[in-house]
Every structure is written in C-alpha cells, then in structure tokens.
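Side-chain atoms are counted along with the backbone in the values below, which use heavy atoms only and exclude waters and symmetry mates.
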Amino acid sequence: MNNDYRIRWTDGNDMEFEMFHAITENFYNQLVGGPQNRQSFISGNLSKDVKYAMIVYSKENVPVACSGLKEHGNSDVEIKRVWVQPPFRGHHISMLMIRELENFAHEHGYRRTRANDAQENGLCYQAV
C-alpha cells in the first residue's frame, strides 16, 4: 500500500470486519429508506460470505477502511464492502484498496475481479 497505511488480511468472520459490515449496512439502509427496501440485496451481502477481507489501518493502528472479496466459482471474485471512515476520505485510500484487491485476487489465481455498480443494485455510491 503506502507508508501511511497498512493492510491486514482476514475473512468475513473477523470482528473488525463485522464492525465495518454493520456500519455499511446501516449506511445503505439509510440511503434507501430502511432495510425493508433492501431485502433482495441483504442475502447476497452477508459478512460470512466474504472469503478474503481487508482491514486498512492508519499509522496510529486505527482501523480506517475495509473491503473484501466474495468468491463466485473457482475463477471469479466480487469486490465487496469498500468503505473508508469519513475522517479518512479524500486520501485515495479506496483507490489503493482496489489495486490491492485486484493484485491479491490475481496472485490467488482468480481470472476476473468484478464489482457491482449503482445501476445494478439501485444504491448511490460515492466515487472511489
């Protein structure tokens, strides 16, 4: 990554990743007016389904961002839960994370890395 941040790889059952997952669930629910408006997406976005989770820490060892990879068969992974805590936004952390996720996927033998877009899931995401 860069000298200001470090990465810890884990899985979707990790306590810190689950904390970020809860934050993102709350955020997405607020965007669409409540969990009742996301029912068709919740089952495909469970933290336990994230095979590889990335937690990003600041120099002060504070968890500031997360993302993960969900397997789709043996050759594809989907980028999930790209989240940067609001005080740390604007520092290109998400761009660094996407590169790390793609490199990690390639190094682990996946052919394709994909991400759902706002059109597919009906949510409004801020640009990375």
Under 3.5 Å: donor-acceptor pair, side chain of N29, backbone of E25: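 Yes: the side chain of N29 pairs with the backbone of E25.
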Main-chain N/O of E102 paired to T113 side chain as donor or acceptor, under 3.5 Å: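 The answer is no, because no donor-acceptor pair under 3.5 Å joins these two groups.
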Distance from [X] atom [atom1] to [Y] atom [atom2], nearest 0.5 Å?
| X | Y | atom1 | atom2 | answer |
| --- | --- | --- | --- | --- |
| M54 | K80 | CE | NZ | 15.5 Å |
| S67 | W83 | OG | CH2 | 12.5 Å |
| R8 | N61 | CZ | CG | 9.5 Å |
| M15 | T10 | CE | OG1 | 10.5 Å |
| C66 | I23 | SG | CD1 | 8.0 Å |
| R6 | I55 | CZ | CD1 | 10.0 Å |

Test side chain to side chain donor-acceptor pair (under 3.5 Å) applied to T24 - qualifying residues, sequence neighbours left out: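 With sequence neighbours excluded, T24 shows a side chain to side chain donor-acceptor pair (under 3.5 Å) to R81, given in chain and number order.
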Can you name the ring-ring contact (aromatic ring centres under 6.0 Å, His included) partners of [X], sequence neighbours left out?
| X | result |
| --- | --- |
| Y52 | F104, H108 |
| Y57 | none |
| H72 | none |

Taking the side chain as C-beta and beyond, is there a heavy-atom pair between [X] and [Y] under 4.5 Å?
| X | Y | result |
| --- | --- | --- |
| R114 | D76 | no |
| Y5 | H91 | yes |
| E78 | L69 | no |
| P63 | F20 | yes |

Side chain to side chain donor-acceptor pair (under 3.5 Å) evaluation trace for N74 with R111: CA-CA 9 Å; N74 293 327; R111 281 188 313 111; over 6 Å; no
Least distance between heavy atoms, G12 atom then A53 atom: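 Closest pair (atom of G12, atom of A53, distance): N-CB, 4.2 Å.
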Listed partners of D11 passing salt bridge (Lys or Arg N to Asp or Glu O under 4.0 Å), at least two apart: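 In terms of salt bridge (Lys or Arg N to Asp or Glu O under 4.0 Å), with neighbours along the sequence ignored, D11 is linked to no residue.
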Those residues that, when tested against A65, pass side chain to side chain contact (heavy atoms under 4.5 Å, CB included) (two or more places apart):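 Per chain and number, A65 pairs via side chain to side chain contact (heavy atoms under 4.5 Å, CB included) with V56, V84, I93, M97.
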